[in-house]
Amino acid sequence: MGALVAVPVGLGGVTEAHAASSVTVKGPKVWRPGQVPDYGDEGSVTVSQTESLTDQVIQVSWSGFTPSVDLSGAPAKSVQQRSSTVLYPVRIYQCRGLDPKITDCYGSSLYGGKPELGFEQPALPAGVNEPDLPSNMRISVTGADGSGTAAFEVRSKRLSPSLNCDATHPCSIAVVPNYGGDAADLYGMRGGAPDCNEHMLDLDGVFNTASDFVIDGSDNPTTGVHSGEMCAWAQRAVVGIDFAPTPDECGSAAADVVTSGLEMANRAMQQWITGLCLDKSPLGIQYSSGGGEPQARQSFLNGTRLDLGLTALPDTGAPKRPYVYTPLATTGISVVFWVDDPEAGRQIRDMRLNARLVAKMLTQTYRAPGLRMESVDGNPFCIFEDEEFKQLNQLPASSGLKWPACRGPEYTLPIVLGTATDLTVRLTSWVANDAAAARFMAGESDPWGTKVNPRYMVPTFHGYPIDQFVREDDTGAVQPAGQPPIADHLKHWKQYEWNPLQTSLNKVLRDLQDGVVTAKQAAPMADGTHPGYAAQPIGNRTLFAIMDSGQAKAYGLSEAALQNEAGAFVSPSRDSLLAAVSTMPVDAATGTQLVPYGESGSAYSKEQRAYPLTVVQYAMTPTGGLSAAKTSAVARFLNSVTTTGQLYGVEPGRLPDGFLALTKDQRAQAQEAIGHVEAQDGKWPGNQKPPVEPVEKPEQPVEKPEQPATGTTGATGGAPAETTTGGTGSSGGTGSTGTTGTTGSTGTDTTPVTDSGSTGSTSSGSSGSSTSSGSSGSSGSSGSSGSLGSGTTGTTGGTGTAAGTGVPAAQPGAKPGTGAGQAATPGRSAGPLAAAPVAAGSPAPDRSGGARLLLPIALIAGLVLLVGGPAALLLGGTAAGTRAVGAVRTAWTRIVRRP
């Protein structure tokens with residue numbers, strides 16, 4: 001109750017649960033390169049977040065620095081690494097430790113060298129200064145007002161092992177302005193001695209020591225002389241940073257809960273898992289986001305590996321095991337972009353897209369410059385030349401920005417995941433249910449004449465929605481009439497322009513961060529391979545990608561505003577996600593929520609604030625077949641995630657940015673689902689019921705002679721929760737004095753219990769009795785007399801199975817007992833009945849003879865209430881009371897559900 005009181009419910013936008021960790025430190029004294037050059041006041045450096053960092057992007061800003069200028073003295077708009085034409089740029093490094101040397105800073109020309117040698121390093125082998133990923137060093141400019149800012153990626157030990165930044169190894173950010181100076185006695189006037197106060201080389205037309213070219217070190221001798229970066233390094237400002245614990249700190253203890261799927265929830269899962277494993281009473285969670293949600297759903301339903309299956313879509317088949325959907329959080333699918341105006345030297349941050357424009361990018365609809373392509377002839381070269389895009393994205397003149405020119409579609413086609421995933425299903429469902437996009441996909445031109453690539457039209461293509469992206473067009477250029485033959489590789493040019501990734505959303509993010517497109521060059525190399533394109537440098541990027549909002553927010557990426565059905569353009573935020581969730585109907589058959597695309601007149605179709613690619617995330621949660629220990633672990637994980645795990649924050653156990661906390665109704669659904677888990681009461685999704693199987697009705701009960709039993713025969717009736725099957729017992733075969741139980745009841749509900757009792761017994765009684773399988777038993781006891789249900793003769797109640805430790809039958813490694821007879825599955829009869837789960841508004845038809853059973857049912861109901869009510873009051877608040885109440889509830893449910 002304390003946890004419930006502490007967590008705000010249903011607000012969708014809870015106040016952050018962590019304090020801001022922005023830090024500002026003093027910077028160097030500003031260099032004033034005037035007619036009388038000198039140093040002025042100290043500047044300052046601010047790092048937006050310094051604590052509980054993960055793999056993410058932070059903002060580094062500075063003020064009171066020397067403005068960056070070009071060789072003419074005009075303000076510099078941007079700068080590239082190893083530039084000799086921009087003076088007074090600023091470098092930003094991530095470094096080992098809190099008091100780093102230049103050899104500790106990743107991406108420096110001296111990184112990985114010997115610390116004791118400092119700037120007098122011998123030549124370093126190639127690749128030493130970038131042993132992990134490509135350098136995250138950033139170089140930027142300072143504006144005319146002396147201020148500047150840069151988005152800077154920080155990396156944990158997972159991405160950069162050589163830096164070794166984790167919860168126990170703090171690191172730092174070094175901000176290094178290049179104010180010039182002569183570190184290497186470049187004119188040979190001081191016998192090789194450095195003099196960082198000598199500024200005549202700052203702009204001499206040869207060395208330009210205030211430019212980036214010299215401080216890179218690559219144009220200086222590397223033996224016996226000081227590197228040109230020494231003077232710049234002396235002006236550095238250093239800010240310490242701390243990383244949050246991650247699941248890597250959890251150790252290798254056995255997992256209490258195994259789960260998979262929903263890569264869109266990865267950032268939230270990492271924080272939740274870490275919070276639980278570092279708790280004073282640790283709970284281990286094994287989580288795999290690979291393989292996609294379809295595979296996770298099937299693995300969970302087959303009961304072969306997973307305790308929980310994480311999903312954004314409900315399973316549409318008949319349930320194979322009892323479970324319910326537990327909501328975890330809500331997120332969005334983001335269409336992110338990194339587009340620079342190369343002339344202005346600035347990144348464009350705002351973009352509007354509708355479903356038809358997204359469809360164009362996903363269907364290879366743009367053509368290559370200079371080539372005639374039959375499939376897309378006459379279409380624009382890329383999205384920036386698409387008239388529809390230009391109409392929606394007219395940049396104001398006051399911004400001084402303009403969209404870059406097209407270099408070809410290979411530079412702008414989105415980086416996407418090509419494996420099966422719910423993300424792709426929801427994205428393409430949005431496209432398929434948009435009227436204009438659907439007509440376009442069917443072959444209708446847009447108002448400016450652009451047509452869909454016919455390789456993506458029915459019947460050649462099966463149409464949207466789809467669950468994975470596959471390149472459909474491998475054609476290319478056609479030979480113009482009367483022209484010489486074209487090269488073979490051009491005939492299949494589109495085969496190389498777009499390649500959905502077969503890895504993970506993390507790879508989508510990594511490629512975007514590194515400026516790498518998925519295209520390959522059509523012209524082969526001598527060995528027949530097709531190389532990729534060079535990485536796009538910052539300042540000249542035209543990149544798009546599709547990922548989850550959690551990743552997009554963590555890396556500070558620009559997310560496009562998408563057009564919803566009300567006609568408004570909305571970007572993902574907590575407010576827009578909440579607006580969408582508030583309009584989502586609850587599917588009665590499953591209890592899940594989806595944006596109702598294409599439903600005219602729905603609340604969503606009228607909500608202008610709703611983000612169209614909003615996704616509620618669920619855990620498929622078993623309500624039967626779990627051992628007591630597993631039940632406790634699963635319930636604890638879900639309780640943590642749906643209570644304290646709904647507080648926003650960067651710390652372990654919290655909910656990161658890019659996610660929306662559960663609403664009041666979703667919290668209530670989650671608590672109800674957890675109750676079903678704890679009771680293991682065999683609840684099914686939504687209003688679905690267990691598959692019903694036919695029962696043959698003999699004319700009269702048949703009594704069998706008493707004889708030793710050789711196995712356990714379950715009672716007939718509705719499908720039970722998972723059966724707990726024992727392992728090898730201490731005494732297999734028949735029970736020593738086992739007697740045959742009297743007539744068993746129909747409608748038996750089976751609840752597994754793993755105790756360490758010496759006898760595994762099967763008890764039956766009135767409709768809704770439970771079956772327990774003990775963990776070890778020396779002999780089987782007889783079943784007690786069971787009552788008749790629905791006017792039929794129950795099957796024989798068998799003896800308890802002599803068995804070892806109980807193992808859920810649906811779990812891997814489950815083995816039957818080694819006695820003479822294997823335990824039959826309780827609650828199942830010989831023949832199946834072809835009956836689908838009951839959906840909303842479609843109850844199962846009454847069976848003949850049902851009316852004759854009203855009196856017996858009423859009598860049984862009265863008995864249940866008469867005995868169960870006082871018993872529940874007496875035992876309330878105890879473990880036994882919980883089981884008693886659960887049994888009464890189950891019994892009553894079975895009674896009222898009888899046809």
Side-chain angles (χ1 to χ4, degrees), residues 335 337 339 353-389 406-419 423-424 427-428 430-432 434 436-446 448-478 486 488-502 508 511-512 516-523 530 532-533 542-546 560:
V335 180
F337 61 97
V339 177
L353 296 175
N354 58 26
R356 183 162 56 193
L357 280 168
V358 173
K360 292 173 184 177
M361 289 195 292
L362 296 174
T363 55
Q364 298 180 265
T365 287
Y366 298 113
R367 65 189 177 101
L371 298 176
R372 180 175 176 269
M373 296 184 169
E374 186 175 2
S375 61
V376 293
D377 200 31
N379 286 348
F381 296 131
C382 77
I383 193 170
F384 302 130
E385 292 187 2
D386 191 309
E387 288 298 326
E388 184 167 21
F389 177 85
C406 284
R407 290 176 286 172
E410 67 272 25
Y411 291 96
T412 56
L413 291 182
I415 306 167
V416 299
L417 185 60
T419 57
L423 181 153
T424 302
L427 175 66
T428 55
W430 170 61
V431 172
D434 179 87
R439 292 194 301 269
F440 177 77
M441 295 286 288
E444 179 183 292
S445 300
D446 74 5
W448 301 272
T450 300
K451 292 185 177 181
V452 70
N453 187 327
R455 302 303 192 280
Y456 289 85
M457 287 177 58
V458 176
T460 303
F461 177 64
H462 50 72
Y464 284 170
I466 57 176
D467 66 355
Q468 62 186 114
F469 290 115
V470 178
R471 184 186 62 249
E472 300 291 338
D473 190 356
D474 284 350
T475 65
V478 295
I486 60 176
D488 288 341
H489 68 270
L490 295 180
K491 297 178 182 177
H492 298 279
W493 190 91
K494 295 188 78 65
Q495 179 179 349
Y496 307 103
E497 72 172 359
W498 189 54
N499 297 280
L501 300 174
Q502 303 300 310
V508 173
D511 281 2
L512 183 78
V516 177
V517 295
T518 62
K520 302 293 183 183
Q521 296 184 38
H530 294 261
Y533 285 84
T542 55
L543 297 163
F544 291 82
I546 296 171

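The first residue in the sequence is number 1, and the count goes up from there.
- In terms of modelled atom types and a separation under 3.5 Å, the side chain of Q521 and the main chain of G532 share a donor-acceptor contact.
- R372 places no side-chain N or O within donor-acceptor distance of the main-chain N or O of V478, the cut-off being under 3.5 Å.
- The pair E444-K451 does not meet the salt-bridge criterion, since no charged nitrogen lies less than 4.0 angstrom from a carboxylate oxygen.
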Decide side-chain contact (heavy atoms from CB on, under 4.5 Å) for L353 and M361; before the verdict, give the C-alpha distance in whole Å, the side-chain angles of both, and the deciding distance to 0.1 Å.
CA-CA 11 Å; L353 296 175; M361 289 195 292; 4.2 Å; yes
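- Under 3.5 Å, the side chains of Y456 and Q364 contain a donor-acceptor pair of N or O atoms.
- Rounded to the nearest 0.5 Å, atoms CG (D377) and CG (L371) are 10.5 Å apart.
- Proximity of T412 to F544: side-chain heavy atoms (C-beta onward) are separated by under 4.5 Å at one or more points.
- With a 4.5 Å cut-off on side-chain heavy atoms, P500 and T518 do not count as touching.
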Verdict with reasoning, E388 to N354, per side chain to side chain donor-acceptor pair (under 3.5 Å):
CA-CA 9 Å; E388 184 167 21; N354 58 26; 2.9 Å; yes
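- E385 approaches C406 most closely through the heavy-atom pair CG-SG, 3.4 Å.
- The two residues M441 and V452 have their closest heavy-atom pair at O-CG1, 4.1 Å.
- In terms of modelled atom types and a separation under 3.5 Å, the side chain of H492 and the main chain of G476 share no donor-acceptor contact.
- Using modelled atom types and a 3.5 Å distance limit, the side chains of N453 and T365 yield no donor-acceptor pair.
- Under the ring-ring contact (aromatic ring centres under 6.0 Å, His included) criterion, H530 pairs with Y496, not counting sequence neighbours.
- In the displayed structure, Q502 atom CD is contacted under 6.0 Å by more than 12 heavy atoms of other residues, nucleotides or ligands.
- Using a 4.0 Å cut-off between charged nitrogen and carboxylate oxygen, K360 and D386 count as a salt-bridge pair.
- The two residues P409 and W493 have their closest heavy-atom pair at CG-CH2, 4.0 Å.
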Show, in sequence, the C-alpha distance, side-chain angles and deciding distance for K494 and D474, and conclude whether the side-chain contact (heavy atoms from CB on, under 4.5 Å) test is met.
CA-CA 5 Å; K494 295 188 78 65; D474 284 350; over 6 Å; no
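- Under 3.5 Å, the side chains of R455 and S375 contain no donor-acceptor pair of N or O atoms.
- L543 has its side chain out of reach of F337: every pair of non-hydrogen atoms, C-beta onward, lies at least 4.5 Å apart.
- When atom types are taken as modelled, the side chain of T428 and the backbone of T424 share a donor-acceptor pair closer than 3.5 angstrom.
- Closest non-hydrogen pair, F440 versus T450, comes out as CE1-O, 3.4 Å.
- In terms of the ring-ring contact (aromatic ring centres under 6.0 Å, His included) criterion, residue partners of F384 (sequence neighbours excluded) are, by chain and number, F389, W403.
- Atom OG1 of residue T475 and atom CG of residue L490 lie 12.0 Å apart, to the nearest 0.5 angstrom.
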What verdict does the side-chain contact (heavy atoms from CB on, under 4.5 Å) test give for N499 and K520, after you've listed the backbone C-alpha separation in whole Å, the side-chain angles of each residue and the deciding distance to 0.1 Å?
CA-CA 8 Å; N499 297 280; K520 302 293 183 183; 4.0 Å; yes
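- Of all heavy-atom pairs spanning Q468 and G418, the tightest one is NE2-O, 3.2 Å.
- Just one residue in the list W498, Y533, F381, Y366 forms a ring-ring contact (aromatic ring centres under 6.0 Å, His included) with Y411, and that residue is Y533.
- Under the 4.5 Å side-chain criterion, counting only non-hydrogen atoms from C-beta, V508 is not in contact with V416.
- Under the rule for a salt bridge (charged side-chain N to carboxylate O under 4.0 Å, His left out), the partners of D511 that lie at least two apart in sequence or sit in another chain are K507.
- Across all non-hydrogen atoms, the minimal contact from I486 to A477 is CD1-O, 3.3 Å.
- For the atom pair CZ (R367) and CE (M373), the distance works out to 9.5 Å, reported to the nearest 0.5 Å.
- In this structure, the side chains of L423 and L417 stay at 4.5 Å or more apart for every pair of heavy atoms.
- Taking the side chain as every heavy atom from C-beta outward, E497 and L413 approach each other to under 4.5 Å.
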Stepwise side-chain contact (heavy atoms from CB on, under 4.5 Å) check, Y464 with L362:
CA-CA 11 Å; Y464 284 170; L362 296 174; 3.5 Å; yes
